[in-house]
*Asks:* 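There's a structure below that I have some questions on.
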Amino acid sequence: MKARLAPLFGGWLLCLAFAPPVGAQPAPADGRQAVPRGTLPPWAARFEQEAVATDHPLASQAAAEVLAAGGSAADAAAAAMLALGVVNPASSGLGGGGFALYWDAGKQELAFLDFREQAPAAAAPDMFVRAPKPPGGGPLSTPSQLGGLASGVPGEPAGIEALLQRFGQLDWKTVVAPALRYATEGFAVSEELSEASAPFAEQMKRDPVMRRWFASGAARLQVGQRLRRPALARVLRVLARVGARGFYRGPLARRLAADVRRAGGILRAADLADYRVRWRRPIEQRAFGLRWVSAPPPSAGGFTLAMALQVLQRTAPAWRQQGEAAFLHAFAEALKGPYLDRMRYAADPDARPVPLGRLLEPRRAALRAATFSPWFALPARDYDLPLEERGSGGGDPVRDAGTSHLCVVDAAGNVAAVTTTVNLPFGARYTAAGVVMNDEMDDFATAPGQLNAFGLPGGEANLPAPGKRPVSSMSPTLVFDAQGRLLACAGASGGSRIPVATLQVLLRALVLGQPLPEALGAPRVHHQGIPPELRVEESVPLPEALQAELRALGHRIRPIGRVAVVQAVVLERDEPGAVRALWAGSDPRKGGRPAGR
Ligand code: DON
């Protein structure tokens, strides 16, 4: 990853060298990348009418193709999701699930769609305590991570259908077309996919479908290798013909369930037939004169963002205009409280109410802001505010390959912010009917206090139960100005680092006034309260001097490959509020490219 980013940024800085002198700025000493006006890195673009930002060039192209065919942001998002499931099976697909936040410009209405996976009817709170270790071993191979037991009931096909039915203009056949083309004609394996496959090749080769993806003797998928997905193409044709019903009922559903059980799972055809999406009320927070809208439970992302924003607004006099270290310090401190809240209270709201109103009370934010010191990093427990007297609620987080975020803005101003996932890279690392199956069950607490793959201790509220949805970090987010006009769409992949990275990029772009490529390219930090460490990226390193300043404030610094992968679109408006430009960016950390016109 480091090796790949270096030339990317190098190339960008080269553009800088040849940029016209007007507007060109020297690279700031704080590690941000200077973006000269008139030159853009290849992963960012300026459009005027519609914009797509995904983490794979072919997915952005699929969305652009569907927009050109008269589709709305929902149709284009659906096409991108379907394409992603083909070209990057490490991240997302029909065997996974996710969240979508949609802005209907005509009706001036927001909608939040939960198409997260849910536990099968035979799930139980102690199912992972009792479960034997799956055969094969290797990395990320607990029973909630590898094999059939790790899979929740997929929500992706139902989610796509719900988006199409409520906000789409086109039919399944049209939105499936690009994905079907990629699956049948083949596509070139990206550097990202090749890298993601390396640690898991042996596990993947145990699966009869994935085994065929590897050239004989290859230890990973090869960059540039042409991959065809005929088994998945058959599933896509069913969707094109009859829609999601063909996935959740009938012969395909029976085949899916049988394959999951063969891989050691408990999914039955009835679980598929019973799956339903949920429309929920998103979380809203006013801060810095803007209206921030993000994901409600079962995601913990929205309330993490909302609490951190409240605290940051209150501590702003101590960090605004005070330089990069002051900002990063205040940012890290603002995250510690909400991550403790998450460990204790986050749950599927249909299984156990999440006390959102109380969690986000301004009084709690005020207490946390009053605790904050611009001079010292405090232990997370100093920001702990249990709602009532009750018992309180690691491992090295994994590479953020198992998720994908995308933004689409169409010419009518509708916006789709979608984050979709199979959880860990290649999900549970087996296929059912050619579909890579999720290991979303690992987002449950496998036992109270047990750390999940992202080093988050599981709270008792998030134990598995029949039909329950595991707590997520996914945070598709939209930001509006005080007049209600849309300013930005963003979201990320990267497990527990998702809300942190999303908020970091949005704060840079909307509060600190950095151009989107600069906000996206800047080195990121991550803090989640537990363990007491400030993570800094190896792929985009924070300059040593800044790290030293943060250390001097008391932060324990530990490197991590990358702090999530963010896709974003920022709308530039003129004085009366008309859109002057759409700035779209695909995080350089993953190799995506935006599309639009
Ligand atoms: O829903 C969640 O929060 C996780 N399943 C997301 C996982 C993810 O971003 C993949 N990263 N390794």
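Keep in mind the model is a prediction, meaning the values are calculated, not measured. When a ligand or atom number is given, it counts from 1 through the structure's own listing order.
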*Asks:* Does any N or O of ligand 1 fall below 3.5 Å from an N or O anywhere on L424, backbone included?
*Replies:*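 In this structure, L424 places no N or O atom under 3.5 Å from an N or O of ligand 1.
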*Asks:* Tell me which part of N423 gets within contact of ligand 1: side chain, backbone, both or neither, using heavy atoms under 4.0 Å.
*Replies:*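 For N423, the contact with ligand 1 is made by both the backbone and the side chain.
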*Asks:* Look up atom CD in E440 and atom CG in N423, then write down how far apart they are to the nearest 0.5 Å.
*Replies:*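 So the gap between those two atoms works out to 4.5 Å.
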*Asks:* Does N438 use its side chain to pair, donor to acceptor, with the backbone of G95 at less than 3.5 Å?
*Replies:*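 Answer holds: yes.
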*Asks:* Contact between I498 and ligand 1, counting heavy atoms under 4.0 Å?
*Replies:*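 I498: in contact with ligand 1 (<4.0 Å).
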*Asks:* Return yes or no for this condition: an N or O of T403 is under 3.5 Å from an N or O of ligand 1.
*Replies:*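 Yes, at least one N or O pair falls under 3.5 Å.
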*Asks:* Got a salt bridge between E460 and R352, using NZ or NE/NH1/NH2 to carboxylate O under 4.0 Å?
*Replies:*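 Answer for the salt bridge query: yes.
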*Asks:* At a 4.0 Å threshold, what atoms of ligand 1 neighbour a non-hydrogen atom of S473?
*Replies:*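 Answer, ordered by atom number: 1 (O), 2 (C), 3 (O).
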*Asks:* For Y182 together with F187, are the ring centres under 6.0 Å from each other?
*Replies:*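 Here the rings of Y182 and F187 have centres that are no less than 6.0 Å from each other.
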*Asks:* Should one rank E440, R469, R116 by closest heavy-atom distance to atom 5 (N) of ligand 1, which comes out on top?
*Replies:*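 Looking at heavy atoms only, the winner is E440.
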*Asks:* Would you say the rings of F99 and F115 are close, in the sense that their centroids are separated by under 6.0 Å?
*Replies:*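 Not under 6.0 Å, so no.
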*Asks:* I want to know if ligand 1 touches G495 in the polar sense, i.e. an N/O pair below 3.5 angstrom.
*Replies:*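 Looking only at distances, the answer is yes, because the N/O contact criterion of under 3.5 Å is met.
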*Asks:* Can K133 and S141 be counted as having a side-chain donor-acceptor contact under 3.5 angstrom?
*Replies:*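 Distance-only check passes for K133 and S141.
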